Amino acid sequence: MKPSLPSGTRDFSPLEVRKRQYIINIIRHTFEQFGYEPLETPAMENLDTLMGKYGDEGDKLIFKILNNGLDNPDKRTKAVEAFDQVLSGKNTKGITERALRYDLTIPFARYVVMNQGKLTFPFKRYQIQPVWRADRPQKGRYREFYQCDADAIGTTSLLNEAELVQIYDRAYASMGVKVRILVNNRKILAGIAEVCGMSDQFTDFTVAIDKLDKIGLDGVSAELTAKGIGEAALQTIQSFLQFEGDNQSVLALLNEKLANSEIGQKGIAEVQTLFNYLNSVSLNNPLQIDITLARGLNYYTGCIFEVKTDEVKIGSLGGGGRYDDLTGTFGLKGLSGVGVSFGLDRIYDVLEELQLFPIGADSMVKALFINFGGDLEQYAFKTLQAFRAKNIPAEIYPDAAKIKKQMDYANNKQIPFVVFCGETEIASGRVSVKNMETGEQHDVSIEEAMLLIG
RNA sequence: GUACCCAUAGCUCAGCAGGUUAGAGCAUCAGAUUGUGGUUCUGAGGGCCGUGGGUUCGAACCCCAUUGGGUACCCCA
(Lines give C-alpha, C1' and ligand atoms only; values in the text may rest on other atoms or scores of the structure.)
Protein backbone atom coordinates (compact mmCIF):
# COMPACT_ATOMS: atom_id res chain seq x y z
CA MET A 1 0.00 0.00 0.00
CA LYS A 2 1.04 3.55 -0.54
CA PRO A 3 1.72 5.28 2.76
CA SER A 4 -0.08 8.52 3.41
CA LEU A 5 -1.11 10.89 6.16
CA PRO A 6 -4.61 11.98 7.16
CA SER A 7 -5.23 15.39 5.68
CA GLY A 8 -4.37 18.30 7.89
CA THR A 9 -1.76 16.35 9.84
CA ARG A 10 1.99 16.52 9.47
CA ASP A 11 5.20 14.70 10.25
CA PHE A 12 7.98 16.77 11.73
CA SER A 13 11.49 15.98 10.56
CA PRO A 14 14.38 16.00 13.06
CA LEU A 15 15.28 19.53 12.02
CA GLU A 16 11.68 20.71 12.30
CA VAL A 17 11.29 19.18 15.72
CA ARG A 18 14.40 20.96 16.92
CA LYS A 19 13.10 24.26 15.61
CA ARG A 20 9.72 23.71 17.20
CA GLN A 21 11.36 22.84 20.47
CA TYR A 22 13.33 26.06 20.27
CA ILE A 23 10.05 28.01 20.18
CA ILE A 24 8.40 25.88 22.84
CA ASN A 25 11.37 26.29 25.15
CA ILE A 26 11.14 30.08 24.94
CA ILE A 27 7.40 30.04 25.59
CA ARG A 28 7.71 27.56 28.44
CA HIS A 29 10.54 29.49 30.01
CA THR A 30 8.56 32.72 29.80
CA PHE A 31 5.49 31.13 31.38
CA GLU A 32 7.58 29.76 34.22
CA GLN A 33 9.19 33.13 34.82
CA PHE A 34 5.77 34.41 35.73
CA GLY A 35 4.82 31.58 38.04
CA TYR A 36 2.72 29.47 35.70
CA GLU A 37 2.95 25.73 36.28
CA PRO A 38 2.75 22.92 33.73
CA LEU A 39 -0.38 20.85 33.26
CA GLU A 40 -1.22 18.07 30.84
CA THR A 41 -4.61 16.56 30.12
CA PRO A 42 -5.58 13.54 28.00
CA ALA A 43 -5.90 13.67 24.23
CA MET A 44 -9.53 12.59 24.57
CA GLU A 45 -12.31 13.91 26.73
CA ASN A 46 -15.86 12.78 27.31
CA LEU A 47 -17.96 14.22 24.53
CA ASP A 48 -20.27 15.83 27.12
CA THR A 49 -17.35 17.83 28.43
CA LEU A 50 -16.76 19.47 25.07
CA MET A 51 -20.17 19.75 23.40
CA GLY A 52 -21.85 23.09 23.59
CA LYS A 53 -18.75 24.94 24.74
CA TYR A 54 -17.59 26.28 21.40
CA GLY A 55 -20.85 27.30 19.77
CA ASP A 56 -22.68 25.49 16.98
CA GLU A 57 -19.79 25.84 14.56
CA GLY A 58 -17.38 24.53 17.14
CA ASP A 59 -19.52 21.49 17.92
CA LYS A 60 -19.36 20.48 14.28
CA LEU A 61 -15.57 20.65 14.33
CA ILE A 62 -15.08 18.35 17.29
CA PHE A 63 -13.45 15.06 16.28
CA LYS A 64 -15.62 12.31 17.71
CA ILE A 65 -14.33 8.88 18.53
CA LEU A 66 -16.41 5.91 17.50
CA ASN A 67 -17.33 3.58 20.34
CA ASN A 68 -15.81 0.14 20.35
CA GLY A 69 -17.89 -3.01 20.29
CA LEU A 70 -20.58 -1.70 17.99
CA ASP A 71 -20.39 -4.98 16.08
CA ASN A 72 -21.47 -6.96 19.12
CA PRO A 73 -24.60 -8.84 17.91
CA ASP A 74 -26.28 -8.52 21.33
CA LYS A 75 -26.21 -4.74 21.07
CA ARG A 76 -27.16 -4.52 17.44
CA THR A 77 -30.61 -3.04 17.94
CA LYS A 78 -29.27 -0.39 20.24
CA ALA A 79 -26.45 0.49 17.86
CA VAL A 80 -28.81 0.81 14.89
CA GLU A 81 -31.13 3.07 16.90
CA ALA A 82 -28.25 5.21 18.00
CA PHE A 83 -26.96 5.47 14.46
CA ASP A 84 -30.36 6.68 13.27
CA GLN A 85 -30.14 9.44 15.85
CA VAL A 86 -26.73 10.45 14.58
CA LEU A 87 -28.06 10.59 11.03
CA SER A 88 -30.72 13.04 12.17
CA GLY A 89 -28.00 15.28 13.58
CA LYS A 90 -28.11 14.27 17.24
CA ASN A 91 -25.17 13.01 19.17
CA THR A 92 -25.73 9.91 21.13
CA LYS A 93 -23.63 7.89 23.50
CA GLY A 94 -24.70 4.77 21.65
CA ILE A 95 -22.25 5.67 18.85
CA THR A 96 -19.73 8.02 20.39
CA GLU A 97 -19.06 9.15 23.90
CA ARG A 98 -15.52 10.41 23.60
CA ALA A 99 -13.90 13.09 21.50
CA LEU A 100 -10.48 14.52 20.82
CA ARG A 101 -9.49 17.65 22.72
CA TYR A 102 -10.60 20.73 20.76
CA ASP A 103 -8.70 23.30 22.78
CA LEU A 104 -6.85 23.46 26.08
CA THR A 105 -9.09 25.87 27.93
CA ILE A 106 -12.16 23.70 28.44
CA PRO A 107 -10.09 20.70 29.60
CA PHE A 108 -8.37 23.12 31.97
CA ALA A 109 -11.72 24.27 33.33
CA ARG A 110 -12.76 20.63 33.74
CA TYR A 111 -9.54 19.92 35.60
CA VAL A 112 -10.00 22.87 37.93
CA VAL A 113 -13.54 21.82 38.84
CA MET A 114 -12.54 18.20 39.42
CA ASN A 115 -9.58 19.20 41.57
CA GLN A 116 -10.94 22.29 43.28
CA GLY A 117 -10.36 20.78 46.70
CA LYS A 118 -6.67 20.20 46.04
CA LEU A 119 -5.78 23.37 44.20
CA THR A 120 -4.54 26.58 45.72
CA PHE A 121 -6.17 29.60 44.14
CA PRO A 122 -5.32 31.64 42.27
CA PHE A 123 -4.22 28.70 40.14
CA LYS A 124 -1.88 29.52 37.29
CA ARG A 125 -1.16 26.80 34.80
CA TYR A 126 0.39 26.54 31.37
CA GLN A 127 -0.23 23.77 28.89
CA ILE A 128 1.52 22.97 25.62
CA GLN A 129 -0.21 20.12 23.82
CA PRO A 130 -1.79 19.28 20.49
CA VAL A 131 -5.49 19.82 19.81
CA TRP A 132 -7.64 18.48 16.99
CA ARG A 133 -10.29 20.07 14.84
CA ALA A 134 -12.32 18.52 12.02
CA ASP A 135 -11.84 21.67 9.97
CA ARG A 136 -11.02 21.89 6.28
CA PRO A 137 -7.27 22.26 6.26
CA GLN A 138 -5.73 25.11 4.30
CA LYS A 139 -2.78 27.42 4.51
CA GLY A 140 -1.76 27.81 8.14
CA ARG A 141 -4.65 25.64 9.27
CA TYR A 142 -4.33 22.06 10.31
CA ARG A 143 -6.47 19.34 11.80
CA GLU A 144 -3.84 18.66 14.41
CA PHE A 145 -1.94 21.57 15.83
CA TYR A 146 -0.34 22.70 19.06
CA GLN A 147 -1.63 25.27 21.43
CA CYS A 148 0.50 26.92 24.09
CA ASP A 149 -1.80 28.33 26.73
CA ALA A 150 -1.28 30.07 30.05
CA ASP A 151 -4.27 30.81 32.24
CA ALA A 152 -4.79 32.17 35.73
CA ILE A 153 -8.02 31.23 37.43
CA GLY A 154 -9.56 32.39 40.70
CA THR A 155 -8.40 35.98 40.51
CA THR A 156 -10.07 39.05 39.04
CA SER A 157 -7.05 41.29 39.40
CA LEU A 158 -6.00 43.12 36.29
CA LEU A 159 -2.42 42.51 37.37
CA ASN A 160 -2.87 39.17 35.63
CA GLU A 161 -3.76 40.89 32.39
CA ALA A 162 -0.75 43.15 32.78
CA GLU A 163 1.55 40.17 33.30
CA LEU A 164 0.09 38.29 30.37
CA VAL A 165 0.86 41.28 28.18
CA GLN A 166 4.41 41.11 29.53
CA ILE A 167 4.55 37.40 28.75
CA TYR A 168 3.63 38.08 25.14
CA ASP A 169 6.08 40.92 24.99
CA ARG A 170 9.00 38.98 26.41
CA ALA A 171 8.39 35.78 24.52
CA TYR A 172 8.19 37.44 21.12
CA ALA A 173 11.14 39.67 21.94
CA SER A 174 13.17 36.54 22.83
CA MET A 175 12.32 35.09 19.45
CA GLY A 176 13.25 38.32 17.70
CA VAL A 177 9.83 38.95 16.17
CA LYS A 178 8.47 42.47 16.23
CA VAL A 179 4.78 42.37 17.09
CA ARG A 180 1.92 44.61 18.06
CA ILE A 181 -0.08 43.55 21.09
CA LEU A 182 -3.68 44.55 20.59
CA VAL A 183 -6.04 44.95 23.49
CA ASN A 184 -9.76 45.52 23.72
CA ASN A 185 -12.48 44.78 26.20
CA ARG A 186 -15.73 42.91 25.67
CA LYS A 187 -17.47 45.37 27.98
CA ILE A 188 -16.42 48.24 25.72
CA LEU A 189 -17.82 46.31 22.77
CA ALA A 190 -21.00 45.70 24.74
CA GLY A 191 -21.15 49.42 25.48
CA ILE A 192 -20.78 50.31 21.82
CA ALA A 193 -23.42 47.76 20.89
CA GLU A 194 -25.65 49.25 23.57
CA VAL A 195 -25.42 52.83 22.31
CA CYS A 196 -26.00 51.53 18.79
CA GLY A 197 -29.06 49.59 19.87
CA MET A 198 -27.52 46.28 18.91
CA SER A 199 -27.27 44.62 22.30
CA ASP A 200 -29.61 41.87 21.17
CA GLN A 201 -27.34 41.01 18.25
CA PHE A 202 -24.08 41.35 20.11
CA THR A 203 -22.47 38.36 18.44
CA ASP A 204 -23.38 39.46 14.90
CA PHE A 205 -22.13 42.89 15.82
CA THR A 206 -18.74 41.75 17.03
CA VAL A 207 -18.28 39.29 14.17
CA ALA A 208 -18.89 42.11 11.70
CA ILE A 209 -16.55 44.71 13.14
CA ASP A 210 -13.86 42.10 13.75
CA LYS A 211 -13.53 41.88 9.96
CA LEU A 212 -12.60 45.53 9.49
CA ASP A 213 -9.02 44.94 8.42
CA LYS A 214 -10.19 42.21 6.06
CA ILE A 215 -13.24 43.62 4.30
CA GLY A 216 -12.87 47.33 5.03
CA LEU A 217 -15.28 49.91 6.35
CA ASP A 218 -17.72 49.46 3.48
CA GLY A 219 -17.78 45.72 3.95
CA VAL A 220 -18.45 46.03 7.67
CA SER A 221 -21.15 48.63 7.05
CA ALA A 222 -22.82 46.37 4.50
CA GLU A 223 -22.74 43.43 6.88
CA LEU A 224 -24.16 45.46 9.75
CA THR A 225 -26.89 46.86 7.52
CA ALA A 226 -27.77 43.33 6.49
CA LYS A 227 -28.16 42.53 10.17
CA GLY A 228 -30.61 45.39 10.51
CA ILE A 229 -28.62 48.16 12.10
CA GLY A 230 -30.15 51.67 11.98
CA GLU A 231 -28.64 54.52 9.98
CA ALA A 232 -27.79 56.63 13.05
CA ALA A 233 -26.21 53.70 14.84
CA LEU A 234 -24.19 52.84 11.75
CA GLN A 235 -22.76 56.35 11.69
CA THR A 236 -21.82 56.07 15.35
CA ILE A 237 -19.95 52.87 14.68
CA GLN A 238 -18.25 54.30 11.63
CA SER A 239 -17.03 57.23 13.67
CA PHE A 240 -15.41 54.73 16.06
CA LEU A 241 -13.91 52.61 13.33
CA GLN A 242 -12.44 55.56 11.48
CA PHE A 243 -10.95 57.17 14.54
CA GLU A 244 -7.18 57.20 14.67
CA GLY A 245 -5.11 58.25 17.61
CA ASP A 246 -2.99 57.04 20.48
CA ASN A 247 -4.33 54.89 23.27
CA GLN A 248 -5.26 57.76 25.56
CA SER A 249 -7.24 59.59 22.88
CA VAL A 250 -9.08 56.38 22.01
CA LEU A 251 -9.98 56.00 25.67
CA ALA A 252 -11.06 59.64 25.81
CA LEU A 253 -13.29 59.18 22.78
CA LEU A 254 -14.82 56.03 24.23
CA ASN A 255 -15.32 57.79 27.54
CA GLU A 256 -17.25 60.52 25.83
CA LYS A 257 -19.36 58.36 23.50
CA LEU A 258 -20.09 55.71 26.10
CA ALA A 259 -20.83 58.15 28.93
CA ASN A 260 -24.29 56.67 29.37
CA SER A 261 -23.32 53.05 29.12
CA GLU A 262 -22.64 51.55 32.50
CA ILE A 263 -21.01 48.44 31.06
CA GLY A 264 -19.00 50.49 28.59
CA GLN A 265 -17.62 52.59 31.42
CA LYS A 266 -16.58 49.45 33.28
CA GLY A 267 -14.67 48.26 30.26
CA ILE A 268 -12.92 51.58 29.84
CA ALA A 269 -11.90 51.55 33.49
CA GLU A 270 -10.46 48.05 33.13
CA VAL A 271 -8.36 49.00 30.15
CA GLN A 272 -7.24 52.15 31.89
CA THR A 273 -6.17 50.13 34.93
CA LEU A 274 -4.24 47.74 32.71
CA PHE A 275 -2.38 50.64 31.14
CA ASN A 276 -1.65 52.12 34.55
CA TYR A 277 -0.02 48.88 35.67
CA LEU A 278 2.06 48.71 32.55
CA ASN A 279 3.22 52.30 32.87
CA SER A 280 5.85 51.17 35.32
CA VAL A 281 7.33 48.48 33.08
CA SER A 282 9.08 48.80 29.78
CA LEU A 283 7.79 46.79 26.87
CA ASN A 284 9.69 45.82 23.75
CA ASN A 285 6.60 45.91 21.58
CA PRO A 286 3.77 48.42 21.27
CA LEU A 287 0.50 47.80 23.12
CA GLN A 288 -2.43 49.24 21.22
CA ILE A 289 -6.13 49.58 21.90
CA ASP A 290 -8.05 48.19 18.95
CA ILE A 291 -11.80 48.47 19.31
CA THR A 292 -12.36 46.25 16.29
CA LEU A 293 -10.75 43.37 18.12
CA ALA A 294 -13.55 41.00 19.11
CA ARG A 295 -12.17 37.43 19.26
CA GLY A 296 -14.37 34.59 18.21
CA LEU A 297 -14.97 32.72 21.41
CA ASN A 298 -18.02 33.98 23.16
CA TYR A 299 -16.91 33.14 26.65
CA TYR A 300 -14.67 36.17 26.90
CA THR A 301 -16.13 38.84 29.17
CA GLY A 302 -13.37 41.35 29.90
CA CYS A 303 -10.07 42.34 28.37
CA ILE A 304 -9.18 40.53 25.15
CA PHE A 305 -5.81 40.32 23.43
CA GLU A 306 -4.38 39.53 20.08
CA VAL A 307 -0.81 39.56 18.81
CA LYS A 308 0.00 40.52 15.26
CA THR A 309 3.13 41.02 13.28
CA ASP A 310 3.55 43.36 10.35
CA GLU A 311 6.70 41.64 9.16
CA VAL A 312 4.95 38.66 7.61
CA LYS A 313 1.55 38.41 6.01
CA ILE A 314 -0.12 35.94 8.33
CA GLY A 315 -3.01 35.80 10.78
CA SER A 316 -2.68 36.51 14.46
CA LEU A 317 0.19 34.91 16.38
CA GLY A 318 -1.73 34.61 19.60
CA GLY A 319 -4.80 35.66 21.46
CA GLY A 320 -6.56 35.49 24.75
CA GLY A 321 -8.70 37.24 27.25
CA ARG A 322 -10.75 37.11 30.42
CA TYR A 323 -13.74 34.91 30.99
CA ASP A 324 -15.76 35.44 34.12
CA ASP A 325 -17.46 32.13 34.44
CA LEU A 326 -15.58 29.43 32.63
CA THR A 327 -16.10 26.73 35.21
CA GLY A 328 -19.78 27.56 35.67
CA THR A 329 -20.90 24.94 33.16
CA PHE A 330 -19.16 22.33 35.26
CA GLY A 331 -20.93 23.52 38.40
CA LEU A 332 -18.30 25.74 39.96
CA LYS A 333 -19.58 29.29 39.86
CA GLY A 334 -17.85 32.57 40.38
CA LEU A 335 -14.32 31.66 39.30
CA SER A 336 -12.87 34.24 36.97
CA GLY A 337 -10.03 33.34 34.66
CA VAL A 338 -7.78 35.04 32.19
CA GLY A 339 -5.35 33.54 29.74
CA VAL A 340 -3.36 33.80 26.57
CA SER A 341 -2.44 31.40 23.80
CA PHE A 342 0.53 31.23 21.44
CA GLY A 343 0.07 29.93 17.91
CA LEU A 344 3.08 27.65 17.61
CA ASP A 345 2.62 26.73 13.95
CA ARG A 346 2.27 30.29 12.78
CA ILE A 347 5.19 31.43 14.90
CA TYR A 348 7.21 28.69 13.21
CA ASP A 349 6.25 29.98 9.78
CA VAL A 350 7.16 33.53 10.76
CA LEU A 351 10.56 32.60 12.21
CA GLU A 352 11.25 30.50 9.15
CA GLU A 353 10.36 33.28 6.74
CA LEU A 354 12.37 35.87 8.66
CA GLN A 355 15.22 33.37 9.14
CA LEU A 356 15.21 33.91 12.87
CA PHE A 357 16.00 30.36 13.91
CA PRO A 358 19.42 30.29 15.55
CA ILE A 359 19.70 26.58 14.81
CA GLY A 360 20.56 25.23 11.40
CA ALA A 361 20.75 21.79 9.93
CA ASP A 362 23.86 21.04 11.98
CA SER A 363 23.86 17.80 13.85
CA MET A 364 23.69 17.34 17.58
CA VAL A 365 26.28 14.59 17.11
CA LYS A 366 29.84 15.91 17.18
CA ALA A 367 31.78 12.91 15.95
CA LEU A 368 31.31 9.78 13.89
CA PHE A 369 33.61 6.83 14.57
CA ILE A 370 34.48 5.00 11.38
CA ASN A 371 33.81 1.30 11.60
CA PHE A 372 36.57 -0.87 10.13
CA GLY A 373 35.05 -4.12 11.35
CA GLY A 374 36.57 -7.00 13.31
CA ASP A 375 38.83 -6.12 16.22
CA LEU A 376 39.07 -2.56 14.99
CA GLU A 377 35.32 -2.14 15.47
CA GLN A 378 35.71 -3.24 19.07
CA TYR A 379 38.45 -0.67 19.65
CA ALA A 380 36.44 2.16 18.10
CA PHE A 381 33.39 1.18 20.15
CA LYS A 382 35.43 1.27 23.31
CA THR A 383 37.03 4.60 22.50
CA LEU A 384 33.61 6.05 21.76
CA GLN A 385 32.53 5.43 25.36
CA ALA A 386 35.12 7.92 26.60
CA PHE A 387 33.53 10.64 24.45
CA ARG A 388 30.07 10.01 25.78
CA ALA A 389 31.42 9.92 29.32
CA LYS A 390 32.58 13.48 28.70
CA ASN A 391 29.10 14.38 27.38
CA ILE A 392 30.29 14.67 23.82
CA PRO A 393 27.51 13.31 21.58
CA ALA A 394 29.13 10.76 19.31
CA GLU A 395 28.20 7.69 17.36
CA ILE A 396 29.84 4.79 15.59
CA TYR A 397 28.73 3.65 12.16
CA PRO A 398 27.01 0.38 12.96
CA ASP A 399 28.30 -1.57 9.96
CA ALA A 400 31.77 -2.07 8.55
CA ALA A 401 30.67 -0.42 5.32
CA LYS A 402 32.88 1.23 2.76
CA ILE A 403 34.62 4.31 4.02
CA LYS A 404 32.95 6.38 1.34
CA LYS A 405 29.55 5.32 2.57
CA GLN A 406 30.44 6.12 6.16
CA MET A 407 31.79 9.52 5.17
CA ASP A 408 28.64 10.17 3.19
CA TYR A 409 26.65 9.39 6.29
CA ALA A 410 28.65 11.95 8.28
CA ASN A 411 28.17 14.53 5.54
CA ASN A 412 24.47 13.97 5.25
CA LYS A 413 24.03 14.24 8.99
CA GLN A 414 26.35 17.24 9.05
CA ILE A 415 28.52 15.63 11.69
CA PRO A 416 31.54 17.95 12.06
CA PHE A 417 34.23 15.37 12.90
CA VAL A 418 35.10 11.86 11.87
CA VAL A 419 37.33 9.68 14.03
CA PHE A 420 39.51 6.93 12.56
CA CYS A 421 40.70 4.10 14.80
CA GLY A 422 42.64 1.81 12.53
CA GLU A 423 45.67 -0.47 12.78
CA THR A 424 48.22 2.30 13.01
CA GLU A 425 46.15 4.27 15.52
CA ILE A 426 45.65 1.29 17.80
CA ALA A 427 49.35 0.56 17.75
CA SER A 428 50.14 4.06 18.93
CA GLY A 429 47.11 4.35 21.22
CA ARG A 430 45.99 7.43 19.37
CA VAL A 431 43.22 8.33 16.93
CA SER A 432 42.95 10.31 13.71
CA VAL A 433 40.45 13.14 13.81
CA LYS A 434 39.25 14.60 10.55
CA ASN A 435 37.47 17.93 10.41
CA MET A 436 34.75 17.37 7.84
CA GLU A 437 34.47 21.01 6.97
CA THR A 438 38.12 21.87 6.36
CA GLY A 439 39.32 18.39 5.49
CA GLU A 440 42.23 18.68 7.93
CA GLN A 441 43.21 15.51 9.67
CA HIS A 442 45.29 15.16 12.83
CA ASP A 443 46.87 12.26 14.62
CA VAL A 444 46.13 12.98 18.30
CA SER A 445 45.74 11.27 21.65
CA ILE A 446 42.23 10.43 22.80
CA GLU A 447 42.36 13.24 25.37
CA GLU A 448 43.38 15.74 22.69
CA ALA A 449 40.65 14.43 20.39
CA MET A 450 38.01 15.10 23.00
CA LEU A 451 39.31 18.61 23.53
CA LEU A 452 39.35 19.22 19.81
CA ILE A 453 35.84 17.90 19.22
CA GLY A 454 34.04 18.82 22.43
C1' G B 1 -21.16 23.12 4.79
C1' U B 2 -19.98 26.14 -0.29
C1' A B 3 -16.64 27.22 -4.52
C1' C B 4 -12.30 26.66 -7.54
C1' C B 5 -7.47 24.22 -8.84
C1' C B 6 -4.42 19.74 -8.99
C1' A B 7 -3.17 14.22 -9.46
C1' U B 8 2.93 11.20 -14.21
C1' A B 9 9.52 7.42 -10.73
C1' G B 10 10.95 7.86 -3.46
C1' C B 11 10.81 13.73 -4.16
C1' U B 12 10.12 18.17 -7.64
C1' C B 13 8.26 18.34 -12.29
C1' A B 14 8.33 17.95 -18.20
C1' G B 15 5.39 15.34 -21.73
C1' C B 16 4.37 19.97 -28.06
C1' A B 17 -3.16 19.69 -31.14
C1' G B 18 -4.86 12.29 -28.66
C1' G B 19 0.06 8.53 -32.48
C1' U B 20 5.45 3.70 -31.81
C1' U B 21 9.64 1.14 -26.26
C1' A B 22 6.61 7.86 -21.01
C1' G B 23 11.45 11.71 -19.97
C1' A B 24 14.66 15.17 -16.80
C1' G B 25 16.77 16.87 -12.19
C1' C B 26 17.40 15.36 -7.21
C1' A B 27 17.61 10.95 -4.26
C1' U B 28 19.11 5.53 -4.14
C1' C B 29 22.61 1.62 -5.61
C1' A B 30 27.19 0.18 -8.25
C1' G B 31 31.94 1.51 -10.59
C1' A B 32 36.25 5.10 -11.68
C1' U B 33 38.94 5.24 -6.02
C1' U B 34 40.53 -2.78 -1.93
C1' G B 35 41.80 3.18 4.95
C1' U B 36 39.57 9.03 3.54
C1' G B 37 33.93 12.31 2.09
C1' G B 38 31.64 16.79 -0.01
C1' U B 39 33.08 18.27 -6.75
C1' U B 40 33.24 15.33 -11.29
C1' C B 41 32.48 11.20 -14.71
C1' U B 42 30.17 6.31 -16.10
C1' G B 43 26.37 2.85 -15.39
C1' A B 44 21.98 0.55 -13.00
C1' G B 45 17.37 -0.09 -10.65
C1' G B 46 12.77 2.28 -10.18
C1' G B 47 6.23 4.07 -13.42
C1' C B 48 -0.55 -0.74 -15.39
C1' C B 49 0.63 8.12 -15.83
C1' G B 50 -4.56 8.09 -8.34
C1' U B 51 -8.85 4.42 -9.23
C1' G B 52 -13.20 2.81 -12.29
C1' G B 53 -15.85 3.44 -16.67
C1' G B 54 -16.58 5.86 -21.60
C1' U B 55 -15.20 8.15 -26.64
C1' U B 56 -11.47 6.45 -30.43
C1' C B 57 -8.15 2.27 -35.02
C1' G B 58 -5.22 4.31 -30.91
C1' A B 59 -5.74 7.86 -24.37
C1' A B 60 -0.84 10.22 -19.54
C1' C B 61 -3.54 13.80 -22.81
C1' C B 62 -10.70 14.23 -24.33
C1' C B 63 -15.63 13.04 -21.35
C1' C B 64 -18.13 11.05 -16.83
C1' A B 65 -17.77 9.11 -12.01
C1' U B 66 -14.87 8.18 -7.72
C1' U B 67 -10.88 8.80 -4.24
C1' G B 68 -6.94 11.69 -2.48
C1' G B 69 -4.36 16.52 -2.16
C1' G B 70 -4.32 21.99 -2.27
C1' U B 71 -6.57 26.99 -2.05
C1' A B 72 -10.50 30.59 -0.90
C1' C B 73 -15.16 31.41 1.90
C1' C B 74 -17.72 30.17 6.66
C1' C B 75 -15.23 29.67 11.15
C1' C B 76 -10.74 29.76 13.49
C1' A B 77 -4.91 29.04 15.90
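Letters A, B, ... are given to chains in the order of the sequence lines, protein chains preceding strands, and every chain is numbered from 1. Just so you know, these numbers come straight off a predicted model, no measurement behind them.
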A:E16 side-chain N/O to A:S13 backbone N/O, donor-acceptor pair under 3.5 Å: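 At least one qualifying donor-acceptor pair exists.
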In whole Å, measure the gap between the [atom1] atoms of [N] and [M] for me.
N: B:U56; M: B:C61; atom1: P; result: 16 Å
N: B:G37; M: B:C76; atom1: C1'; result: 49 Å
N: B:G19; M: B:A27; atom1: P; result: 32 Å

N or O in side chain of A:K405 less than 4.0 angstrom from B:C29 OP1/OP2: yes
OP1 or OP2 of B:A77 under 4.0 Å from side-chain N/O of A:S341: no
Output the single nucleotide from [options] whose closest atom is nearest the side chain of [X].
X: A:R136; options: B:A77, B:U2, B:U36; result: B:U2
X: A:N412; options: B:G37, B:U28, B:A30; result: B:U28
X: A:K404; options: B:G37, B:U36, B:C75; result: B:G37

Touch class at under 4.0 angstrom, heavy-atom based, for A:G140 against every strand present: base
Residue mapping more 5' on RNA chain B - nearest nucleotide basis, A:K211 or A:L376: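 Closer to the 5' end of RNA chain B: A:L376.
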Given RNA chain B, 5'-ward residue of the pair A:K139 and A:R346, judged by closest heavy atom: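 So the residue in question is A:K139.
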Where A:Q127 and A:L39 come nearest, the two heavy atoms and their spacing: CG-O, 3.1 Å
